[in-house]
Amino acid sequence: MEYKFREIEAKWQKHWKETNAYNVNNNSSKPKYYVLDMFPYPSGAGLHVGHPLGYIASDIYARYKRLKGFNVLHPMGFDSFGLPAEQYALETGQHPAETTKKNIATFKKQLDKIGFCFDWSREVQTSDPSYYKWTQKIFLELFNSYFCDTCKKAKPISELVKKYETQGGKHFTAEQWNNSSEAEKEEWLMKSRLAYSSYGEVNWCEALGTVLANDEVVNGVSERGGHPVVKKKMRQWYLRITAYADRLLEGLEKVDFSESMKEMQRNWIGKSEGAEIEFNINLTPNPSPSGEGQKTISGYRTTSVEQWKFLLEFAKQNRKNATEAENALWQEVRNRKIKNCKFRKQHPIAGFIPDFVCLEKRLIVEIDGEYHDTKEQKQYDEAREQWLKEHNYQLIRFTNEEVLNDMPNVLQQLGEALSFGEGLGEVLKVYTTRPDTIFGVDFMVLAPEHDLIQTITAEEQKIEVENYIAYVKSRSDRERQAEKNISGVFTGAYAVHPFSGKHIPIWISEYVLSGYGTGAIMAVPCGDERDFKFAKHFNIPITNILGKHFNGTEANASKDIVLENSDFLNGLQMKEAIEVAIKKIEDEGIGTRKINYKMRDAGFSRQRYWGEPFPIVWVNGIAKALTENDLPLELPHVDKYKPGPEGEGPLANIKDWINLPSPKGEEQRVRYKRESSTMPGYAGSSWYFLRYMDPHNNKELVSKEASDYWNSVDLYIGGTEHAVGHLLYSRMWTKVLYDLGYIGFDEPFKRLLNQGMIQGSSRFVYRVAGTNEFVSFGKISEYKVQPLHVDVNIVDGVELNIVEFKKCRNGEFANATFILEDDGKYICGSEVEKMSKSKYNTVNPDDLCEQYGADTFRMYEMFLGPVEQSKPWDTKGIEGVHRFLKKLWRLFYSDNNFTNGQQVDGKPIWTSDAPTPEELKVLHKTIKKIDDDTERFSYNTAVSAFMVCINELAELKCYKKEILEQVLILLTPYAPHIAEELWHVLGNETSVLDAAYPVYNEAFTKETSKEYPVSINGKLRTTITFSLDAEQKDVEPIVLSNEIVQKWLEGKQPKKIIFVKNKMINVVV
RNA sequence: GCGGGUGUGGUGAAAUUGGUAGACACGCCAGACUUAGGAUCUGGUGCUGCGAGGCAUGGGGGUUCGAGUCCCUCCACCCGCACCA
């Protein structure tokens, strides 16, 4: 009899459905096992061969675990909220609910054809109100909770309120709290809620009147239509995922995810440890003591070297011959007596010598005697004042009389003058992971958005700074990130080094990001590549703290260097210096140890229609949560999906939904308005694995009994594309629900397996430009051709089926002519691309199931290679798997034959005879191999082991029930339909789904002898068979007397004979 | 640039602990049965050489009696992150 897979598969699929063969219940004495697939978004395109790869892998494992005696939960559902359905609605006017329903039906039909063992009675759809009621409920929990920093977990916000009322908070007393308005309190609580509302930037496209997702914006314009997109601040909801950063990191230690997956998450969280250091800001620098130093940047020198020497003599003279008034004032200002400012006497500046100068504040004090009144003197003074003004010096004059008679007034004026620029006393905070390099700081860099820029920029740098900021603003984020050119501008201000007192110029550059750390860095050019390049580009002198490890031509970022030129850190290894530096910084009160994360809080608002509505009502601008009784807050039905005004979502257009009347008894002018945005796609998918446990519960999101029984997912299979999105969010939600006592575990997925992506293998034909003539791939170089995608399904390998080609695309190529290869074939070009309809490289699983059957399809997908590996799809080769199943079939049935001109079906040929030792050996070898391979998801080798088994049984002409029955059970997870059919052919009445898994018995596979490979000097020369218990002393004489060994020894004595029992023999000459 | 991964026949790939490299398939070659076959079966198939043999796991080096596997180094490709201080 023939293997009629279509009939067989239809028959058993129907049977399993009718008998609810895949339904699981929550009460079982068996151990539980939870196998989960990442549920799909039901797109309109339906399934292609890439989708089922992971589903088949999980299905095999689920069935395998069931056979091994587990109560297996293996559900499926749909992530059915999302943007594509809404865009489709915008284009066609079809309601997303309808298209979604249609798509889900298609998906289910396709999935069922492949014969998955999903328990459809537990199906969930995220867009179903009975489901999203609970998504909204979890949102309320997030809104009504805060993260307690001391116990590191979520707690009800009411506890925080109670604390504020009785003890106050960090920034206010209990009394202040209690006297605050409701709005003030709410605003403050928003800073703690796990789901909070705040102002954030969105991509606003004026022309489309809508907000766009990041990937809908390309190069600053909208992907659709190319309209300009700007950043716009809007009220947005956020999830405080940053509060969980540490626990999300720690949790990775106890889950079984691939290393790359964990790294991706760690990378995304981006934890770094270091210090936040405060630098005082100063407008002007200390001069170098002698006024020398050609290397110093503009403003650092007060005079030229030549003049300095010349003027110094005058200065000395003047100091000796100081007037009475000068001496009097000197006594008042020396030793930083006034405002802690350093004054110098007779310090040469440019070509003159002022009486006093405070260089830090650029303040010059002159005490005038009589001779200043002459005309020449006045002109000279004016010129000098002009020069000083241009160079940002402030000049203040006193007469001798004022100084001698009214000192308090003089000092007050001086004090006021020195206050100039105060408030710049504000500190510059930087974040660094390398506080050990603090003595290598040569400049500071602020992000162009930094708040301090306005305050600290020196007068003479204002224009340059403004130009630079304007330039930065003109560039998109993308440009700023893509471009590696060094740009920046000096602010004219200086920071004071907290240890050395050195004055460090403050620059602005776009290479510093405003969003990370403090938006400002201390630059250590000898140890950081970017700082180094910046220093070189702007000619900033570089301090070397690395000694010989810094060569002056590139930065050395190593952490294994002993520091030099670093004061109290000298001689320390950098790694220990980090600790020493942080300690000192903390002790001196100039900074703190600080941990930073790259991860930002997750934006949770979408200005869209097709998502969960927020259970929030805004009452005069204060967000009020609905209660659980108000849920679900159903998505109102709309006919139009156009965005709302000012970037709001379409819901804002539905006036009678969005606006609520004030409750009775309240003032009617109070505005009640619903939240108009909806939740993002990941809301529903962040907890669906919990709902499967208890999908019909209308009292709770999941009962404690159900979640305690099923616990976390034992095996989760899906693609890597969710590495940081879905997986982080669902891990966070799980932790919150755990903290709040809803569930008893805080990691959702114990083990994660990532299936590889199946790429498309596209085929091309080459049309001679401007004609309807097609050139075969081998000859395209002779013509000017234009490649066209051709449907892979009409290409056999690379050979085009010309007849089918002429029929495709509505006969567009019906009259095509061809330039063929010399052997008369048309050969197509090929390329690996993403599988997509537009590239004509999709292969539909339905077609393959129709042509070869679901069992063949399942096994072939697994046979392609390791599940985790990405590979292009190639239908060639599926025949091999199909042949294998037919061969299996022939172990049960004889071939059809022709008798008297009539086809007679073959008869069952299996027997109840006792198996031979050879047959048992084949069986038990297979049991061991299949069991091992399935357990470690090595499905490709398992399929090959089945082939080996069937090949060997066919060779042995083994038709024995005792053997075949066991093989069928092993095969059930891989090819359930044929297994069930043949199981019944053998006379079984129950389903093979619940058969007892075969037990491996080593006794049947034990060998008595082993064919040892014999190598001479490591090269294999022959094999000799020895009994298994043979020892070295037994084998040596036999090996040495072996003819081939003798030949290779060439009469020499062997140095050594290596004998590894059960492995090999190596003779060393 | 950083992190993770991969490199093995004409192709997809095996080799779980350092121990007979290429299992199992596809494809190809030859043959059998057939009116025919894209059905089924048998045999062959890494490269090279008439042969004994030699050469082969991205390249180079090392450790070892023995290396696809371990170490060093270089190269190529894929994935993720990307001015994160």
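Throughout, protein chains are lettered first and strands after them, A, B, ... in sequence-line order, and every chain is numbered starting at 1. A quick note: this is a predicted structure, and the numbers were derived from the prediction, not measured.
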* Out of C83(B), U16(B), G54(B), which nucleotide sits closest to the side chain of Lys929(A)? -> U16(B)
Between protein and nucleotides 67-74 of chain B, what N or O pairs are separated by less than 3.5 Å?
none

* Candidate nucleotides G53(B), C55(B), C41(B), ranked by approach to the side chain of Arg890(A) - the nearest -> C41(B)
* NZ (Lys1061(A)) with more than 12 external heavy atoms under 6.0 Å -> yes
* Asked: Reckon Asp528(A) touches a base, only the sugar-phosphate, or nothing at all at heavy-atom distances under 4.0 Å?
  -> nothing
Distance-only criterion, 3.5 Å: show the donor-acceptor pairs between side-chain atoms of residues 515-526 of chain A and protein atoms not counting sequence neighbours.
{"residue": "Tyr516(A)", "atom": "OH", "partner": "Ser272(A)", "partner atom": "OG", "Å": "2.9"}
{"residue": "Thr518(A)", "atom": "OG1", "partner": "Lys429(A)", "partner atom": "O", "Å": "2.7"}
{"residue": "Thr518(A)", "atom": "OG1", "partner": "Ala520(A)", "partner atom": "N", "Å": "3.4"}
{"residue": "Thr518(A)", "atom": "OG1", "partner": "Ala520(A)", "partner atom": "O", "Å": "3.3"}

* Structure fact -> Testing U20(B), G19(B), A14(B) for proximity to the side chain of Pro1013(A), the answer is U20(B)
* Asked: What is the distance, rounded to the nearest whole Å, between atom CG of Asp531(A) and atom P of C84(B)?
  -> 10 Å
* Asked: Considering only the P atoms, how many Å lie between G22(B) and G68(B), rounded to the nearest integer?
  -> 12 Å
* To do: Taking only the side-chain nitrogens and oxygens of Asn1017(A), find out if one of them lies under 4.0 Å from OP1 or OP2 of G66(B).
  => no
* Given side chains that start at C-beta, do those of Val1014(A) and Asn1042(A) come closer than 4.5 Å, heavy atoms only? -> no
* When you check every protein heavy atom under 4.0 Å of nucleotides 4-11 of chain B, what one-letter string (B, S, -) results, 5' to 3'? -> S-------
Tabulate atom names and distances for all N/O pairs under 3.5 angstrom spanning the protein and nucleotides 78-81 of chain B.
{"residue": "C81(B)", "atom": "O2'", "partner": "Asn267(A)", "partner atom": "OD1", "Å": "3.4"}

* For atom OH of Tyr860(A) and atom C1' of A13(B), their distance in whole Å -> 11 Å
* Structure fact -> Applying the Watson-Crick and G-U criteria (both distances under 3.5 angstrom) with [ ] for crossing and | for other-strand pairs, one obtains for RNA chain B (((((((..(((......[....)))((((((.......))))))(((....)))..(((((..]....))))))))))))....
* Structure fact -> Among A13(B), U20(B), C83(B), the one nearest any side-chain atom of Thr1023(A) is U20(B)
* Asked: Under 4.0 Å between a side-chain N/O of Arg1021(A) and OP1 or OP2 of G66(B), yes or no?
  -> no
* Asked: Can Glu879(A) and Lys886(A) be counted as an ion pair, charged N to O under 4.0 angstrom?
  -> no
* Charged N to carboxylate O below 4.0 Å: is that the case for Asp246(A) and Lys271(A)? -> yes
Between the protein and nucleotides 24-35 of chain B, which nitrogen or oxygen pairs come in under 3.5 angstrom?
{"residue": "A25(B)", "atom": "OP1", "partner": "Asn951(A)", "partner atom": "ND2", "Å": "2.6"}
{"residue": "C26(B)", "atom": "OP1", "partner": "Arg883(A)", "partner atom": "NH1", "Å": "2.3"}

* Asked: Counting any heavy atom closer than 4.0 Å, what does Arg600(A) reach on the DNA or RNA strands: base, sugar-phosphate only, or nothing?
  -> nothing
* For the side chain of Pro866(A), counting heavy atoms from C-beta on, which of G19(B), U16(B), A13(B) is nearest? -> A13(B)
* To do: Check every strand shown and say whether Ser272(A) touches a base, only sugar-phosphate, or nothing at a heavy-atom separation below 4.0 Å.
  => sugar-phosphate
* Just checking, any donor-acceptor pair under 3.5 angstrom between side chains of Asp933(A) and Thr941(A)? -> yes
* Give one of base, sugar-phosphate or nothing for Lys1055(A), where a contact means two heavy atoms less than 4.0 Å apart. => nothing
